[in-house]
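Per chain, numbering begins at 1; letters A, B, ... match sequence-line order.
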2 protein chains.
Amino acid sequence: MRKIMKKIKVHIADDHQILIDGIIAVLSTEKNIEVVGYSLNGEDVLNWFASNEADVLILDINMPKVDGIVVLQNFFEHSFQQKVIVLSSYDDTKLIKEVLKIGASGFLAKKCAGENIVEAINTVYEGHQYFSKSIQQKLMETFTKQLSQKESSLHDSAFFSSITARETEILRLIAQQYNSKEISEILHISVNTVETHRKNLIRKLGVKNVVGLAIYAVKNNLV
Amino acid sequence: MRKIMKKIKVHIADDHQILIDGIIAVLSTEKNIEVVGYSLNGEDVLNWFASNEADVLILDINMPKVDGIVVLQNFFEHSFQQKVIVLSSYDDTKLIKEVLKIGASGFLAKKCAGENIVEAINTVYEGHQYFSKSIQQKLMETFTKQLSQKESSLHDSAFFSSITARETEILRLIAQQYNSKEISEILHISVNTVETHRKNLIRKLGVKNVVGLAIYAVKNNLV
DNA sequence: TTATTTCTAACGGTTTTCAGTGATGTAATA
DNA sequence: TATTACATCACTGAAAACCGTTAGAAATAA
C-alpha cells in the first residue's frame with residue numbers, strides 16, 4: 001500500500017530574486033514541498049497569495065513598496081488560514097515579538113542553513129511554531145529574563161527590607177480600590193491606623209500618592 | 001601550535017545509578033568533558049559539589065531525601081558560580097519556569113538523545129542557556145501566548161471602543177502620579193476639564209477611583 | 001534587660017477626589 | 001440639516017487623601 005502524500009504548497013515573498021531562486025532550489029529536492037508562486041514586493045503578496053492555494057507563506061520582512069509587517073497585518077486581518085514564516089536579515093528581538101504578536105508561525109534568520117527552511121515549512125504546516133536556532137536562543141533569554149525580573153521584583157529591596165506584613169496587607173487592599181474607611185472595616189482597625197500605614201507605605205516606597213502605591217502593587221504582582 | 005583545551009568538569013546528581021553510568025559513558029567519548037563526581041541523593045549534592053571543582057552540575061529534579069528544587073535553591077543561595085543543568089522525566093512547564101527562576105542554566109528532558117547532554121554542557125559552560133527541543137517548544141508556546149494576551153489586553157473592548165485620545169493622554173498622566181492640578185498645568189487646560197475627563201474615565205472603565213485607573217493603565221502598558 | 005520594630009491610634013489642617021449637573025464651541029457624520 | 005461625539009469649562013458639597021506629629025502596647029532582636 002502506497003501512502004499518497006499531499007504536497008505542501010509554498011509561496012515566497014522577497015525582493016531579492018536570487019534568494020527566491022535559492023530557496024526554490026533547496027525546496028526542489030523535497031518531495032512533499034512545492035513552490036507555487038513568489039512575489040518580489042509586498043504589494044504583490046496579498047493579491048497573489050489570496051488567489052492561489054498556498055499553505056505556507058515565506059515572507060521577507062524588509063521589502064520595498066509595502067513593508068512586510070504591513071503585509072502580515074493585512075494578512076491576518078483577512079484571517080487567512082495559511083501559515084506564515086517570517087524571514088529576516090537580523091534577529092532583532094523586538095521585531096520577532098512584533099511578528100509573533102501579529103500571528104506569524106515561524107521566524108527564520110537569513111543566515112540559517114537551507115535545511116532549516118524545510119524543517120520550518122514542515123513544522124508550521126503541522127501547526128507548530130518554528131524558530132531558527134539563534135532566534136530561539138534570543139527569545140529564550142528574554143523569556144528567562146522576564147521570569148527573573150518577576151522574581152527579582154518580588155525580592156525588591158524595598159519590598160522585603162522595609163515593608164511589613166501588615167503594610168503589605170493594606171497595600172493589597174488599596175490596590176483593590178478600597179479606600180481607607182473600607183479597609184479599616186475589613187481589617188477591624190481604626191481609619192487612622194489605616195491612614196498611618198498608608199502614609200508609611202508612601203514614604204517607604206518613595207511614591208507620591210495612592211496611584212504610586214497601586215502601580216507598585218501591580219508591578220509586584222500583589223493584585 | 002596546539003591549543004590547550006581546558007576540560008569541563010561535570011558533577012552528576014541522580015538517584016538512578018544506571019542513568020549516571022549512561023551519562024558517564026556518553027561523556028567519556030568527549031575529549032573536553034570530564035566527570036569528576038556524582039551523587040545519588042539530594043542531601044549529598046551540596047557537600048560534594050561545594051568541595052570539588054566541578055564547572056557544571058547535572059541535577060535530577062526528582063530525588064529522594066532532598067528534592068532537586070531544594071538543592072537548587074540552596075545552591076544559588078550560596079551563590080555558587082557553577083552552572084546547573086536540570087534533568088527531568090517530564091517537561092512540565094511550571095517546573096521549568098520554577099527552575100529557571102531559581103537560576104538553572106539548562107533543562108533536559110530525560111527522553112532526549114545523549115548527544116544533547118554534550119551540547120548542553122558545552123552551551124551552559126559558555127554562559128548560554130540550553131533547553132532540549134520539546135522544552136523549547138513548550139516554552140516558546142507559553143511565551144507567544146503571553147505576547148498574544150498582552151496584545152489582546154491592548155485591544156480591550158473598553159480601551160478602543162470608548163476611550164478617546166485625550167482621555168488616554170490624561171490616563172497616562174494620572175498613572176504617572178500627577179494630580180488633576182498638575183495635569184491641567186501640563187496640558188494647559190482647566191482643572192475642571194481634567195476632572196471631567198477623569199470622571200468620564202472612571203465611568204467608562206468601570207473602576208472605582210484613581211487606583212482603578214492606575215491599575216488599568218499599568219495592565220494596558222500605558223506606563 | 002534594653003532597644004528597636006511593628007501595630008495600633010489620634011488630632012488638626014490642607015488639598016484632592018468624586019458625583020452630579022449643566023453649558024458651549026467644534027468637527028465629523030448620518 | 002440635524003445629530004452625535006469630543007473637548008472644554010464651571011459650581012457645589014461631601015468624602016477621601018495627604019501631611020506632620022505624637023504616642024502607647026506588644027512583639028522581637030541585640
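Protein atom CD of Q177(A) is 16 Å distant from nucleotide atom C1' of dA17(D), rounded to whole Å. Rounded to a whole Å, the CG atom of N200(A) is 11 Å from the C1' atom of dT8(C). Note: NE2 (H188(B)) to P (dC9(D)) measures 12 Å, nearest angstrom. Atom CZ of R203(A) and atom P of dT21(D) are 12 Å apart (whole Å). Atom CZ in R198(A) sits about 12 Å away from atom C1' in dT16(C), given to the nearest Å. Taking atom CD on E182(A) and atom C1' on dA15(D), their separation rounds to 11 Å, with Å as the unit. Put simply, CG on L201(B) is 13 Å from C1' on dA7(D), counting in whole angstrom units. Here dG25(C) presents its C1' atom at 15 Å from CZ of R166(B), a figure rounded to the nearest Å.
Here the OH-NZ distance, from Y178(A) to K208(B), works out to 8.0 Å after rounding to the nearest 0.5 Å. Remark: F131(B) CZ to T123(B) OG1 distance equals 10.5 Å, nearest 0.5 Å.
Salt bridge absent: R198(A) and E167(A) never bring a charged side-chain N and a carboxylate O closer than 4.0 Å. Salt-bridge check for R166(A) with E169(A): passed, with a basic side-chain N closer than 4.0 Å to an acidic carboxylate O.
Using a 4.0 Å heavy-atom criterion, one finds that T193(B) contacts the bases of the nucleic acid, with or without backbone contacts as well. At a threshold of 4.0 angstrom between heavy atoms, the contacts of V191(A) with the nucleic acid are absent. Among the protein residues, N192(B) comes within range of the nucleic acid bases, having at least one heavy atom under 4.0 Å from a base atom.
Closest to the I189(A) side chain, of the nucleotides dT8(C), dC9(D), dC11(C), is dT8(C). Nearest to the side-chain atoms of V210(A) among the listed nucleotides dC7(C), dC11(D), dC18(D) stands dC18(D). The side chain of K199(A) sits closest to dA10(C) out of dA19(C), dA10(C), dT16(C). For E195(B), counting side-chain heavy atoms from C-beta on, the closest listed nucleotide (dA10(C), dA16(D), dT17(C)) is dT17(C). Taking the side chain of I202(A) as heavy atoms from C-beta on, and the options dT17(C), dC7(C), dC19(D), the nearest nucleotide is dC19(D). Of the candidate nucleotides dC7(C), dA7(D), dA16(D), dA7(D) has the atom nearest to the side chain of H197(B).
Contact annotation: T196(B) side-chain N/O to dA10(D) OP1/OP2 distance is not under 4.0 Å. Dashed line: the shortest gap from a side-chain N or O of S180(B) to OP1 or OP2 of dT17(C) is under 4.0 Å. Note on N179(B): a side-chain N or O is less than 4.0 Å away from OP1 or OP2 of dT16(C).
Checking side-chain atoms of D14(A) against main-chain N and O of I20(A) turns up no donor-acceptor pair under 3.5 Å.
DNA chain D is contacted by both N209(B) and L187(B); L187(B) maps to the nucleotide lying nearer its 5′ end (nearest heavy atom per residue).
Atom NZ of K181(B) has 12 or fewer neighbouring heavy atoms from other residues, nucleotides or ligands inside a 6.0 Å radius.
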